[in-house]
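See below for the structure under consideration.
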Amino acid sequence: VAKGVTTAHDGGVTTAMWKNYMTAHKRGMLKNRVQLLPKHGWFDFSLAPTVQCGTPLTKDGLLSMGAVKLFQDGSLQGYTGYLSNPYHSLPDAISDGSWRGYPIYNPRELVNIVTRYHEEGWQVAIHGNGDEAIQLILDAYEEAQKRYPRADARHIVIHCQTVREDQLDRIKRLGVVPSFFVVHTYFWGDRHRDIFLGPDRAKRISPLRSALKRGIPFSNHNDTFVTPIDPLLSVWSAVNRITSSGQVLGEEYTISVMDALRSVTSWAAYQACEERIKGSLEPGKLADFVILEANPLTVAKETIKDIGISATIVGDEVVYGSLD
C-alpha cells in the first residue's frame, strides 16, 4: 500500500497459502485486495468455491478468485526461458552453442492440462518468457478453444517477454491477455542485450507499442521478489524503457503515459475479470484509488518513478498515508 497498490495478484497459491490468506483475512491483517491464482499441481481445488475469475471470496471483496497458474519455461537470465533460436552468449558450463532453454511440459501434456481447465470454465494464466514457450502456450489455448468453444475465456500469458509480431496477431485473434514484465528493461535490459538475447531481440522485450497498435489490452506487473512491487516504476519503464546503465532499449516500443497508467489500472482490472468494479473511478465501482504527490501526465516523463504516494484508499478506508 505504500507503493499505491490497491489490488495485488498472488500468482501461484498453494493449498497452505490459500489457508493462510483466509486466516489473515479473518484476523483483519489484509490492507489491500488480493486475487488468488491457484497453482497447478500444488493446490487442493476442492477448496475453491468457484471457477469464475473475479468472483469475491470474502464478503468485503478483499480476496477474489483468479486464474489457474502454470509455468511453461523459466527465465532468460537463468538460461531456462525457452527460445526458438539459441541464446546470444552462453557460459562455459553450457558447451552446446545451440542451447535454447527448455519447456516444462511437452506440447501434448500442456494441451491436455489447459483443455481440462478450460472445459471446466477456469481462466488459465501461464508463465512464458521465451518465444517458443509462448508458441506452445498459444497452441494449447487455441486447441482448447477448438475442442470446447467458450466466449471471452480471457486466458493469460504471464511475462510474454520475447513475444513475436506474428504471435501478437494470434493473441489478438484468440482474445488472450498478455501480462508484460516491462521493468525488465531496467533491471535486466543491459544483460539481455549483451549476454542473453543480443541487441535485436533484446530491444523487443515487452513490445508494448506492438500490442497497443493491435488493440490488445495488456497489463504490466512486477514479479516480487525478482523485482520490487512498484506500479509507478512499471509506468516509468513503459514510457521510457531506460536500462540500469541509462541507455534506452527499444524506443520504438515505448507507449504514452496514459496508456502506461491504463496497464496498471483499467486494463489490469480487465485481465482480472474485475473491470466492472475496479480499474477506473466511476459510479458503481469500488472506491479504490491512490493520491499521488504529482501528476504523472504533466511531470517530466523521466521523473515518473520518483512520484511519492500521499495516500492509498481501499474502499472507504485510508490504508496508507493521509488525506490532510
Side chains of Tyr117 and His40: is there a donor and an acceptor less than 3.5 Å apart? yes

With a 4.0 Å cut-off, would you call Arg214 and Glu165 a salt bridge? yes

Please confirm whether His184 and Phe181 have ring centers closer than 6.0 angstrom. yes

Can you confirm if the aromatic rings of Tyr105 and Phe71 lie within a centre distance of less than 6.0 Å? no

Side-chain donor-acceptor pair present, Gln161, His192, cut-off under 3.5 Å: yes

Whether Gln247 side chain and Asp190 backbone form a donor-acceptor pair below 3.5 Å: no

Is there side-chain contact between Leu57 and Met22, with heavy atoms separated by less than 4.5 Å? yes

Mind checking whether Phe45 and Trp122 have ring centres under 6.0 Å apart? yes

Report yes or no: does Thr15 contribute a side-chain atom to a donor-acceptor pair with the main-chain N or O of Asp44 at less than 3.5 Å? yes

Between Glu251 and Lys203, does any NZ, NE, NH1 or NH2 come within less than 4.0 Å of an OD or OE carboxylate oxygen? no

Is Glu119 salt-bridged to Arg116, going by a charged N under 4.0 Å from an acidic O? no

Can you list, by chain and residue number, the hydrophobic cluster partners of Ile277 when the side-chain cut-off is 4.5 Å? Leu286

Going by atom type alone, with no hydrogens or angles, which donor-acceptor pairs under 3.5 Å involve a side-chain atom of residues 316-324 and a protein atom two or more places apart or on another chain?
from: Ser322; atom 1: OG; to: Asp324; atom 2: N; distance (Å): 3.0
from: Ser322; atom 1: OG; to: Asp324; atom 2: OD2; distance (Å): 3.4

Applied to residues 286-314, the side chain to side chain donor-acceptor pair (under 3.5 Å) test, sequence neighbours excluded, yields Arg33-Asp288

When the aromatic ring centroids of Phe218 and Phe180 are compared, is their separation below 6.0 Å? yes

Apart from Val5 itself, what residues make up its hydrophobic cluster when side-chain heavy atoms of I, L, V, M, F, W and Y under 4.5 Å apart count as a link, directly or indirectly? Ile229

Does a salt bridge link Asp139 with Arg108, judged by any charged N lying under 4.0 Å from a carboxylate O? no

Under 3.5 Å, is there a donor on one side chain and an acceptor on the other for Thr7 and Gln35? no

Checking the side chain of Glu275 only, and the main-chain atoms of Trp267 only, is there a donor and an acceptor separated by less than 3.5 Å? no

Do Asn240 and Thr254 make a side-chain contact, defined as non-hydrogen atoms from C-beta onward lying under 4.5 Å apart? no

Under 4.5 Å side-chain linkage, directly or through intermediates, the cluster mates of Val111: none

Salt bridge present between Lys172 and Asp169 (N-O < 4.0 angstrom): no

Pair listing, side chain to side chain donor-acceptor pair (under 3.5 Å) test, anchored in residues 18-28, at least two apart: Asp10-Tyr21, His25-Asp60

